[in-house]
Asker: 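Before I ask anything, let me first share the structure, which is written out below as structure tokens.
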Amino acid sequence: MATSTQSVVTPLSLRSPRSLLQDVLARLLKDPLVVLCVLYLAALVVVAINPTTFAPLSYETTSFPDKLAPPGAYATSDKLAGFRYVLGADRLGRDILSRLIYGTRISIAVAFLGAGISFLIGVTYGLVAGYSRARIDNVMMRIVDIIYAYPTLILIILLQVFLTSLAQQPAENLNALQRSLVTLDTRSGGLFFVFVAIGAVSWLNMARLTRGQTLHYREQEFVQAAHLVGANDRRIMGRHLLPNIIGTCIVAETLAIPAYIYTEAFLSFIGLGVQPPMPSWGSMIADGYGALRSAPHVIFFPALALSLTMLAFNFLGDAIRDAMDPKLRNR
Amino acid sequence: MLRVIIRRLLWFIPVFFVVTGLTFVTMHALPGGPFDSDKTPPALIQQMEEVFGLNRPVPEQYLIWLANVMQLKFGPSLSARGKPVEGFLLPGLAVSAQLGLFALLFALAVGVPAGITAAMHRGSWRDRSATLVAIIGVSVPAIVLGPVLQYIFALRLGWLPVAQWASLGEGLMPYLSHIILPAVTLGAGLSAIIARLTRASMLSVLGEDYIRTAHAKGLARRTVTVRHALRNALIPVVTYLGPLAAAVLTGSLVVEQIFAIPGMGRYFVTSISARDYPMVMAVVVLYALIIVGVNLLVDILYTVIDPRIGHGN
């Protein structure tokens with residue numbers, strides 16, 4: 001950007017020109033906390049992809065004599081002789097560490113897929129609305145405004161109840177589309193519908209942001225130039241507008257990830273999320289909440305995992321936003 | 001100004017129809033009915049459905065519901081022996097509103113001063129620690145913070161009650177001691193957001209020329225900060241009060257659940273699973289009204305803080 005002119009004015013800051021991406025990466029990796037966050041999240045992803053390798057037990061192995069066993073206790077039953085509950089056991093005698101590891105899968109999946117769905121719908125919608133002429137834009141954005149007046153969490157709950165009640169229907173009552181959706185949902189342990197519910201409401205912000213950005217860039221010279229050389233609308237949107245907008249959108253989406261993780265955890269907390277015995281950090285917190293007085297460790301570890309993960313995403317989002325801020329360049 | 005208010009109010013009409021229509025259709029598309037249970041004989045269910053008009057086509061039911069709402073009748077609760085829905089919701093709303101108000105006050109009382117301090121001492125340890133606390137604040141969700149506060153202050157230290165609710169009629173101390181933990185749980189995340197917002201907007205205002213002018217003409221640092229900088233820096237914060245109030249509303253659903261508070265949040269989840277159609281509809285209308293109302297309030301507040309906005313078109 002301004003590097004070349006500045007190097008003329010102040011020879012001290014003379015340096016080889018770098019692309020924005022290189023600049024951003026360099027600045028990000030200088031911060032040890034950011035590196036820590038990236039490593040932590042990368043570890044979560046690895047664990048989430050392959051929980052069976054890391055979890056000592058299955059998430060549904062119960063051992064009633066060991067219920068609410070404190071961290072570090074050894075299993076009492078013969079079946080699990082010599083097994084040690086590193087983080088203790090929950091009220092059904094299930095190993096908390098194993099359930100925590102399987103729960104990682106849910107939170108990480110929601111983080112990336114929720115963000116993916118909202119990004120895809122929101123950016124496309126906003127781009128089309130912003131690029132279209134006044135009337136289409138108006139109608140599209142009024143639709144967004146109306147859905148906005150609907151309290152998000154309530155819409156999610158309503159959708160979730162609707163979708164899970166579909167899953168509980170006998171198969172012959174459903175049409176082909178519904179049946180394939182339900183199959184997808186049962187295969188993913190009730191996870192799929194959580195994505196749909198979260199994704200369906202969270203694209204609104206992204207759509208608004210993208211539209212605003214599109215309006216800003218639409219009138220600039222390079223778009224007019226593209227029109228002049230005969231590029232069609234799709235090409236202008238995809239090749240000229242999108243690359244300019246996408247950075248801002250990615251930052252906004254990263255900052256929205258903790259909200260997706262929390263929404264899933266909350267849904268599972270009130271029993272509308274993933275179906276038991278599949279563990280989610282939210283449902284584990286709900287489990288542990290009942291034993292808050294007698295066995296606080298049951299709630300402690302999932303609560304810690306949830307908070308740390310949200311913290312890491314928040315921190316990373318903030319850091320990326322700062323690193324991409326051109327005003328802070330050359331600092 | 002009046003035109004803005006009127007336009008806002010008119011805007012509620014399409015919102016109302018879409019929100020209620022969508023909810024109505026979704027609710028009636030849910031399998032099962034309000035009177036389903038193993039023991040009720042089918043004949044009785046049929047009779048009940050006739051009494052409440054549930055055997056009519058859904059569009060007709062919607063029109064009937066609309067006509068009743070125009071007379072401010074939200075209908076009988078189907079799961080509570082036909083008592084009017086308002087009888088449940090209004091006391092619940094009163095409780096939720098008190099909780100929300102305390103949470104907002106807490107959030108503003110912590111967030112605004114923290115943001116100002118951070119901005120005034122930019123780059124110092126105060127700024128860095130405030131920023132760090134704020135980022136932790138937005139990362140610890142209510143379902144974590146609530147139980148942690150309960151464990152520390154109620155179970156371990158025994159200073160405050162674990163859960164439940166005491167109305168103001170039971171005395172000021174019991175009232176405050178019951179509301180403080182849930183209000184802090186609800187307000188903590190918001191205070192962090194407000195602190196970050198205040199800091200950012202304060203920083204940008206402090207760089208303005210008129211601040212330098214104010215300093216140059218010899219005004220006290222305090223006067224410049226409060227009269228010149230803060231007043232302008234608070235505009236984005238006020239703008240944010242709208243979404244904030246919405247967050248308080250939905251957030252109180254969580255907090256009420258954790259602290260066993262008889263607010264209106266619980267009616268929402270239970271009424272959906274009980275297929276209590278009139279209750280669901282009333283809750284949705286109430287929520288939408290509150291959100292639209294708060295946004296209107298924000299628009300008005302706006303012109304009070306920044307007179308320039310009101311004089312435009």
Side-chain angles (χ1 to χ4, degrees), chain A residues 33 142-143 145-162 164-166 168-170 173 205 255 258-259 261-263 265-266 268-272 281-282 285-286 288-289 292-294 296 299-300 302-315 317-318, chain B residues 11-12 14-19 22-23 26-27 29-32 131-132 134-148 150-151 154-156 162 189 192 196 243 246-247 249-251 253-254 257-258 265-266 268-269 272-273 275 280 283-284 286-292 295:
Chain A
L33 261 174
R142 289 299 84 76
I143 293 175
D145 284 349
I146 287 176
I147 309 179
Y148 224 77
Y150 211 122
T152 323
L153 200 54
I154 285 177
L155 192 57
I156 291 180
I157 292 176
L158 198 60
L159 263 171
Q160 184 63 12
V161 171
F162 177 66
T164 42
S165 74
L166 264 185
Q168 284 153 7
Q169 293 265 306
N173 288 359
N205 280 320
L255 285 169
I261 297 181
Y262 179 51
T263 308
F266 168 68
S268 296
F269 182 80
I270 63 172
L272 286 173
W281 293 345
I285 289 174
Y289 185 63
L292 188 61
R293 193 184 295 263
S294 54
I299 195 174
F300 179 75
L304 187 69
L306 180 66
S307 306
L308 276 183
T309 308
M310 285 175 65
L311 184 65
F313 273 113
N314 267 328
F315 203 85
D318 261 14
Chain B
W11 175 236
F12 184 66
V15 168
F16 176 84
F17 282 108
V18 173
V19 166
L22 195 71
T23 315
T26 319
M27 276 311 292
L30 292 181
T131 312
L132 191 70
I135 205 167
I136 292 174
V138 288
S139 303
V140 177
I143 60 170
V144 171
L145 187 61
V148 166
Q150 281 177 336
Y151 184 72
L155 295 180
R156 278 285 121 136
V162 181
R196 290 164 86 176
L249 270 182
T250 42
L253 207 109
V254 188
Q257 179 113 2
I258 295 172
R266 62 179 171 159
F268 197 81
V269 182
I272 291 184
S273 42
R275 309 283 185 271
V280 177
V283 174
V284 169
L286 210 54
Y287 271 96
L289 256 179
I290 294 172
I291 291 184
V292 172
N295 280 322

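The chains referred to below are lettered A, B, ... by the order of the sequence lines, with proteins before strands, and numbering in each begins at 1.
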Asker: Looking at T26(B), I143(B), V15(B), which has the largest count of heavy-atom pairs under 4.5 Å with chain A?
Answerer: I143(B)
Asker: Is the shortest side-chain heavy-atom distance between P258(A) and V138(B) below 4.5 Å?
Answerer: no
Asker: Do D318(A) and R196(B) touch side chain to side chain, with heavy atoms closer than 4.5 Å?
Answerer: yes
Asker: Is V148(B) close to chain A through its backbone or its side chain, or both, or neither, when contacts mean heavy atoms under 4.5 Å?
Answerer: neither
Asker: Verify side-chain contact (heavy atoms from CB on, under 4.5 Å) between I299(A) and Y151(B), making sure each step is shown before the conclusion.
Answerer: CA-CA 11 Å; I299(A) 195 174; Y151(B) 184 72; over 6 Å; no
Asker: At a heavy-atom distance under 4.5 Å, which candidate from V140(B), I258(B), I136(B) has the highest pair count against chain A?
Answerer: I258(B)
Asker: Which one of G282(A), P296(A), P302(A) has the most heavy-atom pairs closer than 4.5 Å to chain B?
Answerer: P296(A)
Asker: Mind checking whether V254(B) and Y262(A) have side chains closer than 4.5 Å, heavy atoms only?
Answerer: yes
Asker: Where on A154(B) is there a heavy atom nearer than 4.5 Å to chain A: the side chain, the backbone, both, or neither?
Answerer: neither
Asker: Need one label for L145(B): side chain, backbone, both or neither, based on atoms under 4.5 Å from any heavy atom in chain A.
Answerer: neither
Asker: Checking heavy atoms, do the side chain of F315(A), its backbone, both or neither come under 4.5 Å from chain B?
Answerer: both
Asker: Go through the atoms of A312(A) and report whether side chain, backbone, both or neither lie under 4.5 Å from a heavy atom of chain B.
Answerer: neither
Asker: If I measure from the heavy atoms of chain B, does L311(A) come under 4.5 Å with its side chain, its backbone, both, or neither?
Answerer: both
Asker: At their closest point, which heavy atom of S307(A) faces which heavy atom of P141(B), and how far apart are they?
Answerer: OG-CD, 4.0 Å
Asker: With a 4.5 Å cut-off on side-chain heavy atoms, are Y287(B) and V19(B) touching?
Answerer: no
Asker: So for L292(A), is it side chain, backbone, both, or neither that comes closer than 4.5 Å to the heavy atoms of chain B?
Answerer: both
Asker: Distance check, rounded to the nearest 0.5 Å: N205(A) atom CG versus L255(A) atom CG?
Answerer: 11.5 Å
